[in-house]
Each structure stands twice: as structure tokens, then as C-alpha cells.
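This report refers to the structure that appears directly beneath it.
Small disclaimer: the values here were computed from a predicted structure and weren't measured. Per chain, numbering begins at 1; letters A, B, ... match sequence-line order.
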Amino acid sequence: MLVLLSYFMKASHLILGTQRENPADAEIISHQFMIRAGLIRQVSSGIYNWLPLGKKVLQKVENIIRKGMNDAGAQEILMPMVQPASLWEESGRIDKYGQELLVFFDRHENKFCLGPTHEEIITDLCKNLITSYKQLPLNLYQIQTKFRDEIRPRFGVMRSREFIMKDAYSFDIDKEGMDKSYSIMKEAYIQIFDAIGLNYRIVKADSGAIGGSDSEEFHVLADAGEDLLAFSDKSDYAINAELLAEHKESKNPASLEGMPSPDGKGLLKLKRGIEVGHIFKLGSKYSEVLNLKIQGEDKDIYPEMGCYGIGASRIVAASIEQNYDDKGIIWPKSLAPFEVAIVEVNQKSKEEIKRKCSEIYQLLKDNKIDVLWDDRDKRPGVKFADMEVIGIPFTIIIGERTIETGEIELKERQDEKPKLVSHQDLVSIIKG
RNA sequence: CGGGGCGUGGCGCAGUCUGGUAGCGCACCACACUGGGGGUGUGGUGGUCGCUGGUUCAAAUCCAGCCGUCCCGACCA
């Protein structure tokens, strides 16, 4: 019996955690809907619990990233969240990161910090792991919780202190190799963000505190974005507006609108974006300062490194900022916590309704479709509203109206009314 | 760190000015009705009013200090 219950993904057994009212302290859309749809609950400023539905979405993001990285030849590892501060002293970044680095002491009075990023750890790891140039090129990545003690965390998981990030690090014998690793990662990122299915852009970026030369950012376009991006209306020139403003000296980014594009083609247009990915060429900065030296063909070399981040938890919020309506979240199919919901209407009056739900549920399961069966003893309006705020792409409605006809009512998230489809077509329509 | 809010059951709020038995809506539990867009009724559960100290016969309410949290700014991915 227990096996049977857990096998069925029924709403009556699932912690949905939906709320009818907006929490008072959530300002932006994604934060409001993430709480109302039962994805997250706040623990402390910039620190969140991920509830079952939120965790499911997050896992979908992670798996798309994982596949893209593996396909590109990167190897997954897991590094510790707790790092000895001595490594940060060695790299000289303990001061540069400053208060954003959360420092503490263990019982032996040794100084540690919570990892905001892992250049130090991975470089140190490779000192023992990589001994010959023949092992290069190499790309190692992890998907893990990061902690940055933000001055002002805000907007839910958009700018939180604790967040889930994929970070990858490449090692090459020379600059040409690094350039190649960088382009492979850029290509992998394009595949990953295409697979997620959000509207995004790649822009030139500032390499900031991470250091290094070339760097590009991947932005999900959304009005709530914290970054301003500048595009040429005639070419594919695109840059983080803040960086361009710096080059132009003391211009504020918003004033760039309508100015000539620096590549000489067309005029600049501005759009807001949420940074969800960032790729850097680091060079030998970290390998030198942390003394990662490996044997080359004829002499020792410091590997040329690159690092590549994707904000997994931020993507969840960014997706919502880009796709929502007054009823709630609208997920792309790639991220939806369930692909389809079955809403059981008027369930008490007829035994056939329950039987029909069970039959459809089984059909979908057999076709590997991720389905939620809303079997709760609630009024239809409540169920519809919940499925809509959660943002499930399809809803199948099973009730007295169609129980006799054999047809199935299928409603897409953004449609007002359901369509009647045949039993045979159901699976192919949902699979799209 | 500067400026501005807010802290009262899980959520949204009233009550604070003017001290006198902690309230409302939603959610939750039970029963009945209801049953295709957040339904109705009856009866319930649940709160040291952020914390500490002070004033007072009496403090959610007045005073002081502290803490938490949100927004704007500086900063940052």
C-alpha cells in the first residue's frame, strides 16, 4: 500500500504550499509567485527553503545544465562548501572579497570561510591531481551551494546570499588551448540555454573580482533585470551597458540609448537582463599565485585557466520574471514541476470519474509524462487556481461533462477554455 | 553603512495616537449542505502581540535599548 501511494503523484499527498495572498515583503513578481506557488519559503534574509515543487524545478534546471556540460566533455565533481581561509590568503583574494566572504573558526581556532566560488580549491586540488600536460585539456565542474554575504540580499532567490550554482574550471597548456576551451563552453552554454527555452542574450562583460581577460555574460531578458544591456540595432554587437559606460567615462548607462554603436554599425538600444551565466578567461593568474605547476613537453608550465558559472537557482526566478500572467507562473515545458495536471471535478458524484482519472494518469505515466493528479476534495475553482499559479503547462479536466463522451478536456496554461481532444491524441499533444 | 517602512496564530491585516479580558478575513480540523472558477452554515484548533528592561494597580498600546525583516542608495554575479 505504501508503495502504491508513493507511486501516485497525487495532490492530496504532496506538500503544495500554495498561498492565496501575496506575502507582504515580496516586491517583485518572481518572488511573490515563488512563495504563492509553494516553491520556496524564507528562512532568513537571502536564505531559503526549497519546497517539493521548487526543488523539482531546480532539479530540472540542474539536469539540463549537467547534460550540456557532460556533452561538452566536462567532468562532474563536488567540492566542499567550507574552505580553509589560508587558500584565500595565498591567492590574495581574502581582502579583495572582503566582507562578502563569510569567515568563521573551527574548534581548533582554524580560520575557514564559506565558498563564494572555487578557483582556490580547484587549483589546489589540481596540484595533486594533474601532473602532466598530457592530462590537459581538462574541464571540471560542480553544481553546488554557494554563499556570498551580500551587502543587501533582495528579490527572493534572485539576489540571495545562499544560492545554487554550476561552476566549471578549464585547464589548458597554452592560450590557444584556453581559447578553445572557452569557445567550447560558450557553445555548451548556448545549448543549455536553448534547451531551457528562455529568451536570452550574450553580451560582453566586465570580468570583475574574478579577474582575467575576456568574459561574456548570458542574460535572460526581463524588465525586472538588475543589469542594463546595450545592443546595436544593426549588428550583433551587445555589451553590458555598465561596462560600456565605464569606457565612455562617467556616462550613466541609461544615457547610452540611441547613441551610435561602438562598432560603427547602427544605434544602441537598451534592454534589461538578468545575469544567469558568465564565462571568463582567467589565464595563468590562479595557477601562478597558487603554484599549480605541471610538467610540459620540455619545461614546466602554469596551466591557462577558464571559469564558467551558471546561476541555477537564479534561472528559476528569471524564468518567472520572463513568463507570467496575473494568475501566476507560466513555465517553459523544460522547467515545469509537472508537465500536466489532472483536475478531478465533481469527484464525489460518480465513481467513473475517479476511474477515468486513474486510467488517464496511468496512460501518461506509461508515456513518461510527469503528471500531478489533483484528487483533493476541493472546489474546482480552487484546483484550477492552484494549477495556474503553479504554472503547469497542461490541465486535463475530468468531470461529468465528458465522462460519457470519451473525449478529454485539455486546457493549456494560457488558454481560457479547454479543448476537446481524443484519447489517442492526448499523449502526442502533451509531448508537443 | 546612510535614508525610509514594518514586526500581533501558517498568510494578509485591524487594534497602538487616547493603557483596562487579543480581534477580523483567509487557511486548517469536524459535521452537514454544495459541486465546472477561490461556495454556504454550525461548531472548533491555533498567538509568551520580535526580545530585554523600565513606568504603572494594570502595557500589544507609553519610555529606553537591542534584534529581525523589507524597500531606496553605495556595492556585487
Across all strands, who's sitting opposite B/G37 as a Watson-Crick or G-U wobble pair, both distances under 3.5 Å? none
Of all residues at least two apart in sequence or in a different chain, which pass the side-chain contact (heavy atoms from CB on, under 4.5 Å) check with A/Ala74? A/Met69, A/Asn139, A/Tyr141
Complement of B/A77, any strand, by Watson-Crick or G-U distances under 3.5 angstrom: none
Test of understanding: with ring-ring contact (aromatic ring centres under 6.0 Å, His included), list the residues that count as partners of A/Tyr200, not counting sequence neighbours. A/Phe193
Distance alone, cut at 3.5 Å: any donor-acceptor contact between the side chains of A/Tyr286 and A/Arg93? yes
Distance, rounded to the nearest Å, where A/Ile353 contributes CD1 and B/G35 contributes C1': 10 Å
Once you apply a heavy-atom cut-off of 4.0 Å, does A/Glu226 come out as touching a base, just sugar-phosphate, or nothing? nothing
B/U55 pairs with which nucleotide, Watson-Crick or G-U wobble, both distances below 3.5 Å? none
Protein N or O to nucleotides 43-45 of chain B N or O, pairs below 3.5 Å:
none

A/Phe112 and A/Phe104 aromatic ring geometry - parallel, tilted or perpendicular at 30°/60° bounds: parallel
Applying side chain to side chain donor-acceptor pair (under 3.5 Å) to A/His219 and not counting sequence neighbours gives A/Glu217
With both distances under 3.5 angstrom, what nucleotide forms a Watson-Crick or G-U wobble pair with B/G43? B/C29
Sugar-phosphate, base or nothing in reach of A/Gly399, heavy atoms under 4.0 Å: base
Under 4.0 angstrom, heavy atoms only, what part of the nucleic acid is A/Asn22 near: base, sugar-phosphate, or nothing? sugar-phosphate
On RNA chain B, does the nearest nucleotide to A/Ala26 precede the nearest nucleotide to A/Glu409 from the 5' side, or the other way round? Give the residue. A/Glu409
Span that lies between the C1' atom of B/G25 and that of B/C31, in whole angstrom: 23 Å
Separation between the P atoms of B/A30 and B/G46, rounded to whole Å: 16 Å
So is A/Lys281 actually on top of A/Tyr182's ring, under 6.0 Å and inside 45° of the axis? yes
All N/O contacts under 3.5 Å from nucleotides 1-9 of chain B to the protein, with atom names and distances to one decimal?
none

Side chains of A/Thr402 and A/Glu407: is there a donor and an acceptor less than 3.5 Å apart? no
Relative to A/Phe394, does A/Lys411 satisfy both conditions: NZ or CZ under 6.0 angstrom from the six-membered ring centre, and within 45 degrees of the ring's axis? no
If pairing means Watson-Crick or G-U wobble with both distances under 3.5 Å, then the partner of B/C49 is none
Indicate whether any N or O donor in one side chain lies under 3.5 Å from an N or O acceptor in the other, for A/Asp425 and A/Ser428. no
Which atom pairs, donor and acceptor, lie under 3.5 Å between side-chain atoms of residues 334-342 of chain A and protein residues at least two apart or in another chain?
| residue | atom | partner | partner atom | Å |
| --- | --- | --- | --- | --- |
| A/Ser334 | OG | A/Ile196 | O | 2.6 |
| A/Glu339 | OE1 | A/Asp370 | N | 2.6 |

Please determine whether any donor N or O and acceptor N or O are separated by less than 3.5 Å between the side chain of A/Arg379 and the base of B/G38. no
Would you indicate whether the side-chain heavy atoms of A/Pro153 and A/Arg161 approach each other to under 4.5 Å? yes
Round to a whole Å and report the spacing from CD of A/Glu242 to C1' of B/A74. 12 Å
Please classify the nucleic acid contact of A/Glu150 as base, sugar-phosphate, or nothing, using heavy-atom distances under 4.0 Å. base
With sequence neighbours left out, write down each residue that passes ring-ring contact (aromatic ring centres under 6.0 Å, His included) with A/Trp331, or none if nothing qualifies. none
Determine the interatomic distance between P on B/G19 and the same-named atom on B/C26; round to the nearest Å. 32 Å
Euclidean distance, atom CD of residue A/Glu27 to atom P of B/C70 [Å, nearest integer]: 11 Å
Using Watson-Crick geometry (N1-N3 plus N6-O4 or O6-N4) or G-U wobble (N1-O2, O6-N3), each under 3.5 Å, B/A60 is paired with none
Taking RNA chain B as the partner, which of residues 153-169 of chain A come within under 4.0 angstrom of it by heavy atom? A/Pro153, A/Arg154, A/Phe155, A/Arg159, A/Ser160, A/Phe163
Nearest-angstrom distance, C1' atom, B/G15 to B/U61: 9 Å
Do the side chain of A/Glu400 and the base of B/G35 come within less than 3.5 angstrom through a donor-acceptor pair of N or O atoms? no
Output yes when A/Lys146 and A/Glu162 qualify as a salt bridge under the 4.0 Å nitrogen-oxygen rule, no when they do not. no
Let me know the distance between OH of A/Tyr97 and C1' of B/C76, rounded to the nearest Å. 9 Å
For A/Gln83 and A/His118, does a side-chain donor sit closer than 3.5 Å to a side-chain acceptor? yes
Rounded to whole angstrom units, what separation is found between the CD atom of A/Gln19 and the P atom of B/C13? 12 Å
When rounded to whole Å, the CG to C1' distance for the pair A/Asp149 and B/C75 reads 13 Å
Run A/Asp167 and A/Tyr169 through side-chain hydrogen bond (donor to acceptor under 3.5 Å, both in side chains) and show every step you take. CA-CA 7 Å; A/Asp167 48 324; A/Tyr169 305 87; 2.5 Å; yes
Please state the C1' separation for the pair B/G47 and B/A27 - nearest whole angstrom. 16 Å
Between the side chains of A/Arg20 and A/Asn22, is a donor N or O closer than 3.5 angstrom to an acceptor N or O? no
Can you tell me the pairing partner of B/G12 across any strand shown, Watson-Crick or G-U wobble, with both distances under 3.5 angstrom? B/C24
Does a distance-only test, which skips hydrogens and angles, find a donor-acceptor pair under 3.5 Å between the side chain of A/Glu388 and the base of B/G37? yes
For B/U8 versus B/C70, give the span between their P atoms, rounded off to a whole number of Å. 14 Å
side-chain contact (heavy atoms from CB on, under 4.5 Å) partners of A/Lys356, counting only residues at least two apart: A/Glu359, A/Ile360, A/Ile398, A/Ile403, A/His423
A/Ile15: partners by side-chain contact (heavy atoms from CB on, under 4.5 Å), with sequence neighbours left out: A/Pro52
RNA chain B-proximal residues of residues 31-50 of chain A, any heavy atom under 4.0 Å: A/Gln42, A/Ser44, A/Ser45
Classify the side-chain pair A/Ser30/A/Gln32 by whether it contains a donor and acceptor separated by less than 3.5 Å. no
Paired to B/G68 by Watson-Crick or G-U wobble criteria (both distances under 3.5 Å) is B/C6
For the CG atom on A/Asp106, are there more than 12 heavy atoms of other groups (residues, nucleotides or ligands in this structure) within a distance under 6.0 Å? yes
Mind calculating the distance between CD1 (A/Ile403) and P (B/G35) to the nearest angstrom? 18 Å
At under 4.0 Å between heavy atoms, which parts of nucleotides 25-33 of chain B does protein reach? Answer with one letter per nucleotide, 5' to 3': B base, S sugar-phosphate only, - none. BSSS-----
Distance in angstrom units between A/Glu119 CD and B/A77 P, rounded: 11 Å
Mind checking if A/Ala24 touches a base, just sugar-phosphate, or nothing, with heavy atoms under 4.0 Å? sugar-phosphate
Under 4.0 angstrom, heavy atoms only, what part of the nucleic acid is A/Gln99 near: base, sugar-phosphate, or nothing? nothing
What's A/Lys411 touching, base or sugar-phosphate or nothing? Going by heavy atoms closer than 4.0 Å. base
